[in-house]
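For ligands, and for the atoms within them, numbers begin at 1 and follow the listed sequence. Just so you know, these numbers use all the heavy atoms, side chains as well, and skip hydrogens, waters and symmetry mates.
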Amino acid sequence: MNEFIEQKVKLRWPERLASGYEVVVLGGGGHGLATAYYLATRHGITNVGVIERSYIGSGNSGRNTTVIRANYGVPEAVRFYQRSLELYQGLEDATGRWIMHKEKGLLWIAHTEMGLRAERARAALNQAYGAETQFIEPEEIKAICPQIDLAGGGRYPVLGASYHPRGATARHDRVVWSLAEGAMRSGVEVHQQTAVTGLVLEGDRAVGVKTTRGPVRADVVVMALGGQVSTVASMAGLRLPIRSHPLQAFVTNHYQMGLDAIVASTELLFYASQTARGEILIGAEIDRQPSYSYRSTFGFLSACAGRALMLLPFLADLRVLRQWTGICDMTPDFSPVMGPTGIDGLLVSTGWGTWGFKAIPAGGEAMAHLIATGEVPELIAPFGLDRFARDLPLSDRGSAGTQ
Ligand SMILES: Cc1cc2nc3c(=O)[nH]c(=O)nc-3n(C[C@H](O)[C@H](O)[C@H](O)COP(=O)(O)OP(=O)(O)OC[C@H]3O[C@@H](n4cnc5c(N)ncnc54)[C@H](O)[C@@H]3O)c2cc1C
């Protein structure tokens, strides 16, 4: 997509916050902005205000490791993430902006008999529900990724993998900016440095929000607040099945280009890919202890780096350049929550945990459809908040890339 390289994203910030909008979206992360973008571009609903307490992409959407894939472990998730993967493939054409989308292929390595069974099952299920994944043997893994030590440092031998050739990455902040620009171009207002401090209810209905810049009325309020969602939802007396956990990641200095695939291992609890600048980007498990702390820890860094070295020994030559943390909205079943909240006029898009970057286009598309038509799209119907009360969880811990 070379024609996009030199173009600067044009963001037009409004001066004043209006007293009301048809739709108010809380949170200027990928999910909030994608909802606004599709409302405007697909449904012609442009009287939309996005309210962001800091700057757009300052939450997890600007902190993630940018992996896009659809190789999930339950049919509902495979269908949903496959839709998102396809929307990502066309997002540069749709927005006219370069998001640095690159198909790399993703290897999900198994080191135990149980891991082998899981990856074989993943491949079969993915194929049945429309995502391209195949099970491959160690010599095929080595051909795709010569840097892998098949002996796994002598402790974690590589026994096989599921291979997802459409696995990709895209530059996270460019995704955020492109969606924001597309929404703004259609008339959506995005307000940065404006925090939501209250949800306004009249009877059983949400009718607006209080912000640090004054009250705003709305016909529909959408919460897309990442790890902060429970604090805002509680302002309407709503208790969500969400726990906020820190998730850390780090990058090394640059290295010769050549780690072409994205490499993941559930048993070693890490995944790695090479950025366009040549750095190796590594992430893994959430912090056990729920908290809102953005502090990065040496414990995580040394443990994760040690595990990554077992599979990718060349990392020993590299130095860690930067480490950071985001706060993830984790659900008990490791699947997202999208749709009504039980309070009229109040919708939610949450539970994106460690996996929601890849879901930004499909999540936004589905939420916009729900707002515009009043109907929950079939694609996201299984992900409703009421699934917990109805005892219909969508357990998919094995696909989250964390534990
Ligand atoms: C280290 C790390 C690695 C990850 N790696 C991947 C990956 O490789 N692939 C993948 O698919 N997913 C990954 N994720 C998860 C992914 O980043 C998130 O699920 C996704 O970005 C969530 O988007 P969001 O829009 O829901 O939330 P966010 O991007 O967090 O946006 C929420 C916004 O709400 C704002 N906000 C909060 N409170 C208020 C308030 N009171 N008023 C107004 N605004 C408020 C915040 O400032 C923030 O900008 C990773 C996450 C982390 C932290």
Side-chain angles (χ1 to χ4, degrees), residues 24-36 49-70 72 81 84-85 88 106 167-170 172-173 175-176 179-180 190-199 209-213 222-235 242 244-251 262 264 271-273 281-287 292 294 296 300 304 323-331 336-338 348-364 367 399-402:
V24 165
V25 179
L26 312 184
H31 282 278
L33 290 165
T35 302
V50 178
I51 301 196
E52 165 55 49
R53 71 173 178 177
S54 178
Y55 58 90
I56 58 169
S58 56
N60 292 344
S61 298
R63 292 168 188 270
N64 61 73
T65 42
T66 77
V67 177
I68 297 164
R69 58 183 173 86
Y72 273 70
Y81 290 108
S84 213
L85 186 140
Y88 259 122
L106 187 143
T169 58
H172 48 21
D173 32 28
V175 171
V176 166
L179 292 169
V190 180
H191 298 275
Q192 300 191 119
Q193 308 302 337
T194 309
V196 176
T197 54
L199 291 171
V209 293
K210 291 180 192 160
T211 78
T212 44
R213 291 169 65 205
V222 186
M223 297 185 290
L225 291 153
Q228 307 297 324
V229 70
S230 358
T231 53
V232 175
S234 69
M235 296 169 187
I242 298 286
S244 293
H245 286 262
L247 175 68
Q248 305 185 44
F250 61 95
V251 281
I262 305 161
Y271 53 88
S273 69
L281 175 57
I282 301 178
E285 69 196 298
I286 53 170
D287 288 10
Y292 293 99
Y294 280 94
S296 296
F300 160 78
C304 185
Q323 181 186 359
W324 65 93
T325 303
I327 307 299
C328 294
D329 37 346
M330 302 294 292
T331 47
V337 172
M338 285 171 275
V348 72
S349 173
T350 187
W352 292 116
T354 62
W355 51 84
F357 174 71
K358 67 182 70 61
I360 285 171
M367 290 301 289
S399 302
T402 189

Just need the protein heavy atom nearest to [atom], so name the residue and atom and give the distance.
atom                    : answer
atom 27 (O) of ligand 1 : Gly226 CA, 3.5 Å
atom 18 (C) of ligand 1 : Asn60 CB, 3.7 Å
atom 21 (O) of ligand 1 : Ser61 OG, 3.0 Å
atom 52 (C) of ligand 1 : Leu247 CD2, 3.4 Å
atom 9 (N) of ligand 1  : Val67 O, 3.0 Å
atom 49 (O) of ligand 1 : Glu52 OE1, 2.6 Å

task = Could you list which atoms of ligand 1 come closer than 4.0 Å to a heavy atom of Trp355?
result = 10 (C), 11 (O), 12 (N), 15 (C)

ask   = Judged by non-hydrogen atoms, does Gly283 sit under 4.0 Å from ligand 1?
value =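 It does not; every heavy atom stays at 4.0 Å or beyond.
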
key: Any N/O pair Thr65/ligand 1 closer than 3.5 Å   =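 Right, the criterion is met.
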
task = Just jot down the ring-ring contact (aromatic ring centres under 6.0 Å, His included) partners of Phe250, sequence neighbours excluded, or say none.
result = none

message = Angle between ring planes, Trp352 versus His31, binned at 30° and 60°: parallel, tilted or perpendicular?
response =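 Trp352 and His31: parallel rings.
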
query = Among all residues two or more places apart in sequence or in another chain, which pass the salt bridge (charged side-chain N to carboxylate O under 4.0 Å, His left out) test with Asp173?
reply =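 Residues passing salt bridge (charged side-chain N to carboxylate O under 4.0 Å, His left out) with Asp173: Arg171.
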
remark   = Nearest heavy atom to atom 15 (C) of ligand 1, choosing from Ser296, Gly401, Gly353, Ala400, belongs to Gly353

key: From CA spacing to verdict: side-chain contact (heavy atoms from CB on, under 4.5 Å), Ser54, Glu52   = CA-CA 6 Å; Ser54 178; Glu52 165 55 49; 3.6 Å; yes

